[in-house]
Amino acid sequence: MQTQIEDPTRRKFLGLLAKLPLVPASMLVAHNVGKMLPPAPRKVLLNDFPIAGFKYYHGPSVHPSLHAGTALHLRAEPGNPYDPHAVEILRGGDKLGYVPRFCNRHLSRLLQAGVSLSCTVGQVNPMQPAWQAVQVRVSLLQAA
């Protein structure tokens, strides 16, 4: 059996390392930047719903390129003559439809107040009727 002789500088280093306090990952210094890493925002799910009016806008033409996780954009439309709480769902310049009326009031108010929301495709099911084919997830972004 062979005994390993430990280097005194290594022993000192390991002893020092063991005495250091634990540091959360958010406090680690970025490589070559010298600044603290900002904590990643936390997502809180607000709603999960199908896109209203999907087949009447650009939804059918964009449908093949949609998949779970695709980023979408929400835009409040307070001047809508049919619903003052209308919220459009967009992908790039293509309007896919609207947030359904049963859950658009609070999203419209949050958007008009400048609150950060994340909107993504939650699920795509081409076997469903057009009004249920694409499920959307809307989350509130909170600072961690």
Side-chain angles (χ1 to χ4, degrees), residues 2 4 6-7 9-144:
Q2 195 175 26
Q4 184 178 5
E6 198 169 340
D7 181 15
T9 56
R10 181 173 179 233
R11 188 178 314 134
K12 286 180 185 178
F13 174 74
L14 292 174
L16 177 65
L17 194 60
K19 294 176 186 176
L20 289 175
L22 293 176
V23 179
S26 63
M27 300 295 289
L28 295 176
V29 177
H31 181 66
N32 291 333
V33 177
K35 294 183 179 179
M36 301 303 265
L37 292 173
R42 211 171 57 126
K43 289 184 178 183
V44 178
L45 182 64
L46 293 178
N47 281 95
D48 188 0
F49 50 81
I51 299 174
F54 186 74
K55 69 179 184 179
Y56 298 110
Y57 298 98
H58 292 114
S61 63
V62 176
H63 188 269
S65 66
L66 295 176
H67 59 276
T70 300
L72 303 174
H73 179 70
L74 297 175
R75 181 170 60 198
E77 194 179 44
N80 185 302
Y82 303 105
D83 183 3
H85 302 291
V87 177
E88 296 176 296
I89 300 174
L90 307 157
R91 179 171 182 245
D94 297 323
K95 182 175 182 175
L96 303 182
Y98 285 92
V99 172
R101 189 180 291 239
F102 71 87
C103 62
N104 70 358
R105 185 174 295 226
H106 67 284
L107 295 178
S108 174
R109 289 178 177 163
L110 288 171
L111 288 168
Q112 290 181 50
V115 174
S116 295
L117 299 178
S118 166
C119 182
T120 58
V121 173
Q123 177 181 340
V124 178
N125 188 347
M127 304 308 290
Q128 292 289 332
W131 57 275
Q132 289 182 324
V134 179
Q135 288 285 122
V136 172
R137 297 176 66 109
V138 177
S139 302
L140 175 68
L141 297 177
Q142 288 184 328

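Computation of the quantities below employed the complete heavy-atom set of this structure, encompassing side-chain atoms and omitting hydrogens, waters and symmetry-equivalent molecules.
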Are the side chains of [X] and [Y] in touch, meaning some heavy atoms are under 4.5 Å apart?
X: F54; Y: V62; value: no
X: R137; Y: L45; value: yes
X: D48; Y: V136; value: no

Contacts table for residues 116-124: side-chain donor-acceptor under 3.5 angstrom, sequence neighbours left out:
from: S118; atom 1: OG; to: K43; atom 2: NZ; distance (Å): 3.3

Q) What is the distance from atom NE2 of H63 to atom CD1 of I51, rounded to the nearest 0.5 Å? A)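 Going from the NE2 atom of H63 to the CD1 atom of I51 covers 9.0 Å.
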Q.
Ignoring hydrogens, what is the shortest heavy-atom contact between H106 and C103? Give both atom names and the distance.
A. CE1-O, 3.2 Å
Q | For Q132 against Q128, the heavy-atom pair lying closest together | A |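 Looking at all heavy atoms of both residues, the shortest contact is OE1-OE1, 3.1 Å.
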Q: Would you check, one step at a time, whether the test side chain to side chain contact (heavy atoms under 4.5 Å, CB included) holds for L46 with L110?
A: CA-CA 11 Å; L46 293 178; L110 288 171; 3.9 Å; yes
Q) Is there a side chain to side chain donor-acceptor pair (under 3.5 Å) between T70 and H67 once you walk through the steps? A) CA-CA 6 Å; T70 300; H67 59 276; 3.3 Å; yes
List the atom pairs, donor and acceptor, that lie under 3.5 Å between side-chain atoms in residues 76-98 and the rest of the protein, sequence neighbours left out.
from: E77; atom 1: OE1; to: N80; atom 2: ND2; distance (Å): 2.8
from: E77; atom 1: OE1; to: Y98; atom 2: OH; distance (Å): 2.8
from: N80; atom 1: OD1; to: Y82; atom 2: N; distance (Å): 2.7
from: N80; atom 1: OD1; to: D83; atom 2: N; distance (Å): 3.1
from: D83; atom 1: OD1; to: H85; atom 2: N; distance (Å): 3.0
from: D83; atom 1: OD2; to: N104; atom 2: ND2; distance (Å): 2.7
from: E88; atom 1: OE1; to: R75; atom 2: NE; distance (Å): 2.8
from: E88; atom 1: OE1; to: R75; atom 2: NH2; distance (Å): 3.0
from: E88; atom 1: OE2; to: K95; atom 2: NZ; distance (Å): 3.1
from: R91; atom 1: NH1; to: S65; atom 2: OG; distance (Å): 2.8
from: K95; atom 1: NZ; to: Y98; atom 2: OH; distance (Å): 2.6

